[in-house]
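Worksheet for the structure shown next.
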Amino acid sequence: MRDLNEVDVSRTVPVRRFTWRTDQYHRPGLEYMVSTRRHHGYESFEEECLLLVADFAAGLREALSQPFRLRFYAGGKRVDHTPDYLLLTDISPFVIDVRPAGRIHPEDELKFAATFEAALAAGWRYGVVTGWRRHVWETVDAFSAERRPLTNVLNMHGQLRAAASQGPLPLRVLVERCSIPAVARAHALHLLWRRDLGADLSAPYGDASLIRLAPVEPRGVRS
């Protein structure tokens, strides 16, 4: 298992192919990620949420769907498990399974434990995403509306940064200090997505949200 760390995982292909049929119960699709500049497959709404949040988080370099199949023996029986994603970040690879908390059964716990041991042996991180706080997902989704490059003809970015540098301000006050508040709102979302501005994700995003100038820190490729 330690040899996993020596494999060029960026060249791997998904263990299973993504399929679309009119009678299937899960909801697969493709999610575009700004960090990688390409689409990535997902098999459920929960996995789509993970890709969006991973794209927002700093330091993401690559996201690999169903990166490998783990085979082990338990109770004299062979068990196979394919993790949902391998995220390659500036810190370390991060193996992730996505399963709503109410749908985790004992056999799933066994597979997750084995995957954790495999990741540990390779020097990787591992986690199971069991759900999201609704307002956090909705806030990141709102930021993503302006994640693509915006033309900064009116220097709206500079106006927003100058206003935010005066201290944390409610969103409504922040945009009203700019020359065209309606345009400033769109650019504020863009800067929040890029993490040039910061907001408190512990509460729902809205006009009362305190927006601050984010500290300068290394981050992954942004557009």
Side-chain angles (χ1 to χ4, degrees), residues 27 29-42 44-63 65 85 87-91 94 96 98 127 129 131-223:
R27 200 195 79 171
L30 295 172
E31 174 73 15
Y32 180 80
M33 301 183 75
V34 176
S35 301
T36 64
R37 294 187 175 91
R38 64 186 179 86
H39 288 86
H40 297 261
Y42 60 83
S44 65
F45 174 71
E46 289 77 13
E47 290 186 7
E48 182 185 12
C49 293
L50 169 67
L51 291 176
L52 185 63
V53 173
D55 198 20
F56 171 67
L60 180 68
R61 294 188 285 109
E62 184 59 272
S65 306
Y85 292 99
L87 304 181
L88 304 182
T89 72
D90 290 340
I91 299 175
F94 197 164
I96 295 182
V98 181
V129 176
W132 301 96
R133 293 185 178 180
R134 181 172 178 177
H135 73 270
V136 173
W137 152 248
E138 291 178 344
T139 297
V140 176
D141 187 44
F143 294 170
S144 73
E146 300 294 347
R147 57 182 168 173
R148 289 177 172 80
L150 292 180
T151 303
N152 190 27
V153 176
L154 302 174
N155 190 30
M156 203 60 65
H157 294 179
Q159 294 183 48
L160 286 164
R161 290 190 182 99
S165 67
Q166 301 173 22
L169 295 173
L171 175 64
R172 180 190 295 274
V173 176
L174 180 73
V175 298
E176 287 178 348
R177 292 191 179 183
C178 298
S179 58
I180 308 179
V183 176
R185 281 185 177 274
H187 285 267
L189 287 174
H190 182 68
L191 295 182
L192 284 163
W193 175 268
R194 287 175 49 90
R195 305 170 71 91
D196 291 329
L197 295 179
D200 184 4
L201 296 184
S202 66
Y205 176 75
D207 280 346
S209 297
L210 291 178
I211 308 299
R212 56 181 54 81
L213 193 63
V216 178
E217 61 181 11
R219 61 173 183 266
V221 177
R222 296 290 181 188
S223 300

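These numbers were taken from a predicted model, which means no experiment stands behind them. The residues of the chain are indexed from 1 along the displayed sequence. FYI, side chains are in, hydrogens and waters are out, and symmetry mates aren't considered; it's all heavy atoms of this structure.
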Measuring from [X]:[atom1] to [Y]:[atom2], what's the distance to the nearest 0.5 Å?
| X | Y | atom1 | atom2 | result |
| --- | --- | --- | --- | --- |
| Glu176 | Leu171 | CD | CG | 9.5 Å |
| Glu47 | Glu31 | CD | CD | 12.0 Å |
| Trp132 | Leu50 | CH2 | CG | 5.5 Å |
| Asp207 | Arg185 | CG | CZ | 4.5 Å |
| Met33 | Arg147 | CE | CZ | 8.5 Å |
| Leu191 | Leu150 | CG | CG | 8.5 Å |

Residues Asp141, Arg134: salt bridge by 4.0 Å N-O rule: no
The criterion is salt bridge (Lys or Arg N to Asp or Glu O under 4.0 Å); which residues satisfy it with [X], sequence neighbours excluded?
| X | answer |
| --- | --- |
| Glu146 | none |
| Arg61 | Asp90 |
| Glu46 | none |
| Asp200 | none |

Please report the shortest heavy-atom distance between [X] and [Y], naming the atom on each side.
| X | Y | answer |
| --- | --- | --- |
| Thr139 | Ala203 | OG1-O, 4.5 Å |
| Ala63 | Leu87 | CB-CD2, 3.7 Å |
| Leu60 | Ala54 | CD2-O, 3.5 Å |
| Leu213 | Ser165 | CD2-CB, 4.0 Å |
| Gly41 | Leu51 | O-CD1, 4.0 Å |
| Ala199 | Ile211 | CB-CD1, 3.8 Å |

Who pairs with Tyr205 by ring-ring contact (aromatic ring centres under 6.0 Å, His included), at least two apart in sequence or on another chain? Phe143
Partners of Cys178 by side chain to side chain contact (heavy atoms under 4.5 Å, CB included), sequence neighbours excluded? Met156, Gln159, Leu160, Ala184
Around atom CZ of Arg38, are there more than 12 heavy atoms of other residues, nucleotides or ligands at under 6.0 Å? yes
Full working for side-chain contact (heavy atoms from CB on, under 4.5 Å) between Phe94 and Leu88: CA-CA 6 Å; Phe94 197 164; Leu88 304 182; over 6 Å; no
Could you go through Tyr42 and Tyr85, starting from their C-alpha distance and side-chain angles, then the distance that decides it, and tell me whether this counts as side-chain contact (heavy atoms from CB on, under 4.5 Å)? CA-CA 9 Å; Tyr42 60 83; Tyr85 292 99; 3.3 Å; yes
For residues Tyr32 and His40, determine if any side-chain heavy atom of one lies less than 4.5 Å from a side-chain heavy atom of the other. no
4.5 Å side-chain heavy-atom contact, Pro170 and Leu210: yes
Keeping His135 on the side-chain end and Ser202 on the backbone end, is there a donor-acceptor pair under 3.5 Å? yes
So, the side chain of Thr89 versus the backbone of Ile91: is there a donor-acceptor pair under 3.5 Å, distance only? yes
When the ring planes of Trp137 and Phe45 are compared, do they come out parallel, tilted or perpendicular, using 30° and 60° as the limits? perpendicular
